[in-house]
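Since the structure is predicted, the reported quantities are computational estimates derived from the model, not experimental observations. Quick note on labels: first sequence line is chain A, next is B, and so on, each numbered from 1.
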Protein chains: 2
Amino acid sequence: MTNPTGHEIAEALGLLLRRSTRAGLHAQLTEGLGEAVDELTYPVLSGLARTGPCSAADLGREVGLDRTTVTRRADRLEEAGLLRREADPGDRRATLLVLTDAGQGVVRTTRERLAARIEDSLASWPAADARAFARLLRVFVDEGPFHA
Amino acid sequence: MTNPTGHEIAEALGLLLRRSTRAGLHAQLTEGLGEAVDELTYPVLSGLARTGPCSAADLGREVGLDRTTVTRRADRLEEAGLLRREADPGDRRATLLVLTDAGQGVVRTTRERLAARIEDSLASWPAADARAFARLLRVFVDEGPFHA
DNA sequence: TATTGTTATACTCTATAACTATA
DNA sequence: TATAGTTATAGAGTATAACAATA
């Protein structure tokens with residue numbers, strides 16, 4: 001490998017994906033939002049925000065979880081008032097999981113906190129660098145080494 | 001937020017940190033390296049490669065794990081021949097965890113696979129973009145929204 | 001017959017506490 | 001007294017299999 005770029009990015013990516021990094025970030029973003037929101041339940045909440053009202057089986061396929069796992073995590077989120085269950089009018093076997101207003105608020109808050117933190121850390125960057133980074137990161141994530 | 005850059009990066013980062021993304025990448029990088037190497041044991045192996053010979057307690061502090069957890073995971077790696085235990089000549093309470101040649105080989109292989117995958121996905125990029133991305137990602141990871 | 005949500009079972013992993021040995 | 005490694009116990013979470021209801 002004459003080109004060191006791959007190893008440079010690999011090292012940075014390794015740091016980024018490290019468990020302690022993710023756990024710390026998650027703790028910051030969900031602070032004060034209730035103990036029902038943790039690293040296990042948040043993906044369900046966030047996935048539901050992307051898909052809209054959705055069955056447990058479909059949501060499981062979306063976020064890569066078994067439907068029994070979705071059921072259990074949804075139980076906790078329902079108890080906390082962050083989602084509710086509704087009958088699916090189109091399929092009487094299914095139960096739709098639907099975010100409540102409180103659930104939507106949690107998702108919106110975490111997303112805004114993350115965006116704000118990123119803005120803060122980019123504040124000292126030249127504007128052109130920040131724009132370039134956003135563009136390149138997007139391409140990297142969409143076409144990067146995660147699709148094969 | 002008049003500036004959309006924060007939200008753009010937040011969205012890309014969310015995709016990157018998603019469990020399914022990480023699990024898929026990990027499966028690719030460790031394919032064929034033996035079943036002792038999984039998402040639980042690899043951080044121990046990789047951390048040990050960074051620190052060099054190290055006690056379980058120190059390694060736990062390095063990678064954010066309880067020392068009992070390090071002990072259990074090290075047991076599996078030792079059974080697989082990827083690390084060995086040695087008496088610490090400087091502290092007779094401690095046992096040093098040391099990567100074997102096989103263990104070093106596993107770490108080297110996964111790192112080279114990741115770098116190669118990244119190189120592949122950057123092959124179609126203008127060289128200046130690739131260099132800029134490597135530089136900006138490094139700064140972002142070092143100074144980014146993960147340190148507060 | 002296949003798929004829905006849910007529950008029961010067995011299994012894995014972890015955190016806490018305990019133990020012995022050494023600093 | 002504090003810290004080393006390890007082990008036992010208890011708790012949380014998951015995957016597998018099962019169930020009744022519906023497609």
Between the side chain of B:Thr95 and the main-chain N/O of B:Arg85, is any donor-acceptor distance below 3.5 Å? no
Contact pattern, 5' to 3', of nucleotides 14-20 of chain D - B, S or - by protein heavy atom under 4.0 Å: BBBBB--
How long is the line joining [atom1] of [X] and [atom2] of [N], in whole Å?
X       : N     : atom1 : atom2 : result
B:Leu96 : D:dT6 : CG    : P     : 11 Å
B:Leu59 : D:dA4 : CG    : C1'   : 14 Å
B:Asp75 : D:dG5 : CG    : P     : 12 Å
A:Glu86 : C:dG5 : CD    : P     : 14 Å
B:Asp91 : D:dG5 : CG    : P     : 8 Å

Please check if any side-chain donor atom of B:Thr30 sits under 3.5 Å from a side-chain acceptor atom of B:Tyr42, or the reverse. no
Looking only at side-chain N and O atoms, does [X] come under 4.0 Å of OP1 or OP2 in [N]?
X       : N     : value
A:Thr71 : C:dT6 : yes
A:Ser55 : C:dG5 : yes
B:Arg93 : D:dA2 : no

Below 30° counts as parallel, above 60° as perpendicular, anything between as tilted: where do the rings of B:Phe133 and A:Phe133 land? parallel
Closest approach of A:Gly47 and A:Val63, non-hydrogen atoms and distance? CA-CG1, 4.0 Å
For B:Asp88, which contact category applies under a 4.0 Å heavy-atom criterion: base, sugar-phosphate, or nothing? nothing
Contact class for A:Arg61 vs. all strands (heavy atom < 4.0 Å): base, sugar-phosphate, or nothing? sugar-phosphate
Can you list everything that forms a side-chain hydrogen bond (donor to acceptor under 3.5 Å, both in side chains) with A:Asp88? Sequence neighbours excluded, please. none
Can you measure from CG (B:Leu15) to CZ (A:Phe146) and round to the nearest 0.5 angstrom? 10.0 Å
